[in-house]
There are 2 protein chains.
Amino acid sequence: MIHSIPEPAIKRLSALYQLLCRLEKSGVQAISSKEIGERLDISAHTVRKDISYLREAQISGARYTVQKLKELIGRSLKFTTSRKACVVGLGKIGAAILNYSRFGGYGFDIVAGFDSNVNIVETLNADMDLFPSYMIPEVVTDRSIELAVLAVPADAAQLCADRLVKGGIKGIVNFSSALLTIDKKIAVSDVDVTKELRVLSAMISLADR
Amino acid sequence: MIHSIPEPAIKRLSALYQLLCRLEKSGVQAISSKEIGERLDISAHTVRKDISYLREAQISGARYTVQKLKELIGRSLKFTTSRKACVVGLGKIGAAILNYSRFGGYGFDIVAGFDSNVNIVETLNADMDLFPSYMIPEVVTDRSIELAVLAVPADAAQLCADRLVKGGIKGIVNFSSALLTIDKKIAVSDVDVTKELRVLSAMISLADR
DNA sequence: TCACAAATGTGAAAAAAATAACAGCTTAAG
DNA sequence: CTTAAGCTGTTATTTTTTTCACATTTGTGA
């Protein structure tokens, strides 16, 4: 059983999983921790340490078999069980994300979209079901949707988040610039361009010393 | 002088800055570390510690004055000096970001957009200058652009990143799903929906125990 | 004015994470 | 077959970050 993997390690392992998927497609068979480190910009030590959290030894001494390692991470972090996801807010960003729906096979499946503007819901022809926002709780519950991407204007974000919670959502990627007030049991990941730019700006300033 | 603020603290202070901007607009005058902690979902201890890195004591015992604290953080992290930024890739996501250009006053200003598709450059009527991608190095240098938002398809990302570096960029927010190989001196922040969803998915799995 | 509840700022302790070190396995070449 | 170079898994060490504890300050109400 997995004891408890440090959060930074989970993030790195997720990135590694993505890398392994690509390597597999390119036909690469094996890779060393050193090479992985170079690709992901982390040390080879860290790579091996992260993998060791998974408690299922590969053959020591030999380089990692791409396919086996991918499967190990996928199994450990449950990327194999595809979770259902939805997109809330079908403006430019939301629609763009929806179109990425070739997500299948990477650990989740976008199965629904929501927008308060009924016209958008009717005109946008996506290959998944679209609903008006007030139906969020119902649809999320009925379809066992676990993850949501929230891409609505800041002033609508809290309302939509509340609806998602009501439906029993387990994780939200918040693209709005709103700071959500939300039950701690729900995993939230904030993605805010302005925040990212600000952090970079600060890091540049402090790097100059 | 600022000695060295831990990176996690920089991120939290950036979020705090954003919160303070909003509180100021709402007319809130003062706030305690406890309240800040509740809003940002971190402990009051951490809030106070982070602020203490700025080495410029407020009056102890009294709650923080919103305006003063905002100014202190802004001054320390250089959010007052507005940096120039650009958007590379004017597809759906890039265009959406460009439209957020009411960014001024938050530490940066979007002053240019780039796309390989000349038609887009001509048809999109934004209130800033748009250029074809091959002009990136030139424009970035000439206009002293320090930050970039990279929102191009994965297969074009590395090329565009190289052009940005050539122009002397200092920080990149990478919205593409590509893993960039880039000089370590340049600050890069990866924003990838699939990665975020995958991390959330993993955290949910491991939380279930 | 005084006492008390409520804050802050910061050095110290604890916890978490990154890094290093090394024993032992694997592969390839001679 | 044997050796050497290279790689992994894991324990130990160091560094970083978070949490705690408490001296000190403010604001309030009697």
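These numbers were taken from a predicted model, which means no experiment stands behind them. Below, read A as the first sequence line, B as the second, and so on, with proteins coming before strands; counting in each chain starts at 1.
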Give the rounded distance in Å between these two atoms: NZ of B:Lys34 and C1' of C:dA7. 11 Å

Distance in angstrom units between B:Ile36 CD1 and C:dA7 C1', rounded: 12 Å

More than 12 foreign heavy atoms under 6.0 Å from CD of A:Glu38: is that the case here? yes

Spacing of B:Tyr64 atom OH relative to D:dT25 atom P, expressed in whole Å: 16 Å

Quick one, B:Leu16 with B:Asp50, criterion side-chain contact (heavy atoms from CB on, under 4.5 Å). Give me CA distance, side-chain angles, the key distance, then yes/no. CA-CA 10 Å; B:Leu16 175 52; B:Asp50 286 350; over 6 Å; no

Check each of A:Leu40, A:Ile51, A:Ile42, A:Val47 against A:Arg12 using the side-chain contact (heavy atoms from CB on, under 4.5 Å) test, and report the only one that passes. A:Ile42

Examine the side chains of A:Ser14 and B:Arg198 and answer whether a donor and an acceptor come within less than 3.5 Å of each other. no

Identify which nucleotide among C:dA7, C:dA18, D:dG9 has an atom closest to any side-chain atom of B:Ser32, counting heavy atoms from C-beta outward. C:dA7

Atom CZ of B:Arg39: over 12 foreign heavy atoms under 6.0 Å: no

Name the residue from A:Ile145, A:Ile110, A:Leu147 that meets the side-chain contact (heavy atoms from CB on, under 4.5 Å) definition with A:Lys84. A:Ile145

Provide, to the nearest angstrom, the distance between the CZ atom belonging to A:Arg63 and the P atom belonging to D:dG9. 14 Å

Distance in angstrom units between A:Lys68 NZ and C:dT26 P, rounded: 12 Å

Measure from CG on B:Leu13 to P on D:dT17 and round the result to the nearest Å. 13 Å

I'd like to know whether B:Ser205 forms a side-chain contact (heavy atoms from CB on, under 4.5 Å) with A:Arg83, so could you lay out the CA-CA distance, the side-chain angles of the two residues, the decisive distance to 0.1 Å, and finally the verdict. CA-CA 10 Å; B:Ser205 300; A:Arg83 291 177 190 278; 2.6 Å; yes

For DNA chain D, determine which residues of residues 42-50 of chain B have any heavy atom closer than 4.0 angstrom to one of its atoms, and list them numerically. B:Ser43, B:His45, B:Thr46, B:Arg48, B:Lys49

Check whether any side-chain heavy atom of B:Tyr64 lies under 4.5 Å from a side-chain heavy atom of B:Ile36, and answer yes or no. yes

With a 4.0 Å limit, can you tell me whether B:Ser33 has a side-chain N or O closer than that to the phosphate oxygens OP1/OP2 of C:dT8? yes

Calculate the interatomic distance between A:Tyr53 atom OH and C:dT19 atom P; express it in whole Å. 12 Å

Can you list, in residue-number order, the parts of residues 180-192 of chain A that come under 4.0 Å of DNA chain D, counting heavy atoms only? none

Specify the separation, in whole Å, of atom CD of B:Gln29 and atom C1' of D:dG27. 16 Å

For residues B:Pro6 and B:Tyr53, determine if any side-chain heavy atom of one lies less than 4.5 Å from a side-chain heavy atom of the other. yes

